[in-house]
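This report concerns only the one structure given below.
Each chain gets a letter, A, B and so on, in the order the sequences are listed, and its residues count up from 1.
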Number of protein chains: 2
Amino acid sequence: MSAPRVPDGYDPSAFTPFAVTVDLAVFTVRHGRLHVLLVERGLEPYRGAWALPGGFVLPRESAGQAARRELAEETGLSERTAGALHLEQLRTYSDPDRDPRMRVVSVAYAALVPDLPEPRGGGDAALARWTDLSRVLRPGTPGPSGSTAPPADGLVPLAFDHGDILADAYDRIGAKLEYSCLATAFCPPEFTLAELRQVYETVWGVELDGPNFRRKVLATPGFVQAVDGPPRRTGAPGKPAALYRAGAATTLHPPLLRPEGRTA
Amino acid sequence: MSAPRVPDGYDPSAFTPFAVTVDLAVFTVRHGRLHVLLVERGLEPYRGAWALPGGFVLPRESAGQAARRELAEETGLSERTAGALHLEQLRTYSDPDRDPRMRVVSVAYAALVPDLPEPRGGGDAALARWTDLSRVLRPGTPGPSGSTAPPADGLVPLAFDHGDILADAYDRIGAKLEYSCLATAFCPPEFTLAELRQVYETVWGVELDGPNFRRKVLATPGFVQAVDGPPRRTGAPGKPAALYRAGAATTLHPPLLRPEGRTA
DNA sequence: ACAATAGTGTCTATCAGACATTATCAG
DNA sequence: CTGATAATGTCTGATAGACACTATTGT
């Protein structure tokens, strides 16, 4: 609760001080594979290990504002551009021992961005790299496994409990694709239905039927919006595809369920 | 992030100290209506106003542990009994001005409990009351409205941003009923399908067709599990109903969508 | 011409919703 | 018997998935 509702006589200022940070799981689709933005740690502990980008919440900031600021810093984008990206609070991690130095609770956010150039911002962003998710996470990972991720097989281990956070984030966006218009956040402002379909296929790791996907998407009012301009594009063989923009809708009714009921 | 990944030379101990609390939105179904557990504040600010139960996270506790401890205290149940109740992290509220006295971030949890006796625990629980949700929240509330809830029409205003938290919690459980087995958490250990159906009807505010509901629930493996004992119950007229227990499944595939696509 | 991709049309098994029917209780 | 509730069965319109087919491009 905001105000400690405590028995009268209790000292309301006797609270335990915590540090509060935000951690970001920034996803994008590159070359048909899901990637996540990671930074290399320059300080102990976990020096040299990979971690999710993030940082402290400042004295006059909400966690959401801190997350958006960090997102702009780490991607090297302007605050204005980063402000348009999809950012969503995931959950908060508060295990007393998640940071060996002090008591830190971290509010995790998931961000979805279209395919961006390699991060080349100043300062922190210089250490940031897009990493293929399969190098960090096994697709079949049960998600919120026990505590800090164990050094699994060929995977790159992440600092702190960031492996757990990343697994949770991956689960969440996979589930949200089913009942929200979120997939458009992975696409550039104008996109083809094939590109949109590939977002689903990449995140879910399945193949979808083109015609059926088209029918479903176009039947959902407000999901996408046709661009009337010249209906062509790309220099590849095949019939040119029509372009669409993200529509006004935010949720899908009914949902676009992934094949084989695996929500786990 | 857990560890501040900051430029070398920055002092990692120069973090802003926050107080961290948990707030609980505890729901139950009483007399066919959705109720929420509220406490009356005995201290300023918002003295005498109603608020969600909650309290500080202790030095060696996770937020989840704190939420479970508070749940036990406020409901007057034993830690053991409360440990079996459904408790789920909602999101974290961190507006810098959400508490006028100091910087407090609060991790909100939603708890679902079967119909319990009026809370009569010691201390804090003495101030707790089950309150009909319609006295606090308009069903058509857009949920995460702007900032702290304005003094709406005939509604009881809540302290701090607890009106927003409660609206978010209500949205969440309504949505979760669609794709999870959560509804059984509102029921006693053994329940009839009519009781389970009434949970959906109460939370969604709709009427469902009995036979179709039955068909759908029984067709979902692991949702409910028949109790082989005497298939009777209650002293009311009508054919006695068979009893069921919650099954092993946790998610529903495919989901049980509420009528009239209103997820908003 | 051929391969490749976009888009249209069709068929079918399945499912949700509506509702009739039967079974079993209390009074 | 009457009213109420549980449980079963039936029908129908909508939908998802599979897939054939046409249209338009690059090579």
D:dA4, D:dT8, D:dT25: which one has an atom nearest the side-chain heavy atoms of B:Arg214?
D:dT8
Looking at A:Pro114, is its backbone amide N or carbonyl O close enough to the side chain of A:Thr28 to form a donor-acceptor pair, meaning the two atoms are under 3.5 Å apart?
yes
Tell me what A:Ala194 touches on the nucleic acid: a base, only sugar-phosphate, or nothing, going by heavy atoms under 4.0 Å.
sugar-phosphate
Rounded to whole Å, please give me the gap between CG in B:Leu218 and C1' in D:dA6.
12 Å
Nearest-angstrom distance from the residue atom CG of A:Leu252 to P of D:dT15
14 Å
Assess, by modelled atom type and distance only, whether the side chains of B:Ser134 and B:Arg33 contain a donor and an acceptor separated by less than 3.5 Å.
yes
Euclidean distance, atom CG of residue A:Leu208 to atom C1' of D:dA18 [Å, nearest integer]:
13 Å
Distance, rounded to the nearest Å, where B:Leu257 contributes CG and D:dA14 contributes P:
17 Å
Cation over ring face, B:Arg91 and B:Tyr93, 6.0 Å, 45°:
yes
Figure out the CZ/P separation between A:Phe213 and C:dA6, and round it to whole Å.
12 Å
What nitrogen or oxygen pairs link the protein and nucleotides 9-15 of chain C at under 3.5 Å?
none

Between B:Leu37 and B:Pro53, the two heavy atoms sitting closest are O-CD, 3.2 Å
Quick one, B:Phe186 with B:Asp115, criterion side chain to side chain contact (heavy atoms under 4.5 Å, CB included). Give me CA distance, side-chain angles, the key distance, then yes/no.
CA-CA 7 Å; B:Phe186 279 111; B:Asp115 197 352; over 6 Å; no
Checking B:Glu70 side chain against B:Leu24 main chain: does a donor-acceptor pair fall under 3.5 Å?
no
Contacts of B:Ala72 meeting side chain to side chain contact (heavy atoms under 4.5 Å, CB included) (sequence neighbours excluded), chain-then-number -> B:Glu79, B:Ala82
Describe, in one word, how the ring planes of B:Tyr179 and A:Tyr179 are oriented to each other, choosing from parallel (under 30°), tilted (30 to 60°) and perpendicular (over 60°).
parallel
Could you grab the distance from atom CG of A:Leu256 to atom OG1 of A:Thr220, nearest 0.5 Å is fine?
7.0 Å
Using five base pairs at each end to define the local axes, how bent is the helix from C:dA1-D:dT27 to C:dG27-D:dC1, to the nearest 10°?
0°
Nucleotide C:dA16, atom P - distance to CG of B:Leu256 in whole Å:
8 Å
What's the CD-C1' distance between B:Glu207 and C:dG17, to the nearest Å?
15 Å
By nearest-nucleotide position on DNA chain C, the 5'-leaning member of A:Arg197 and B:Lys239 is A:Arg197
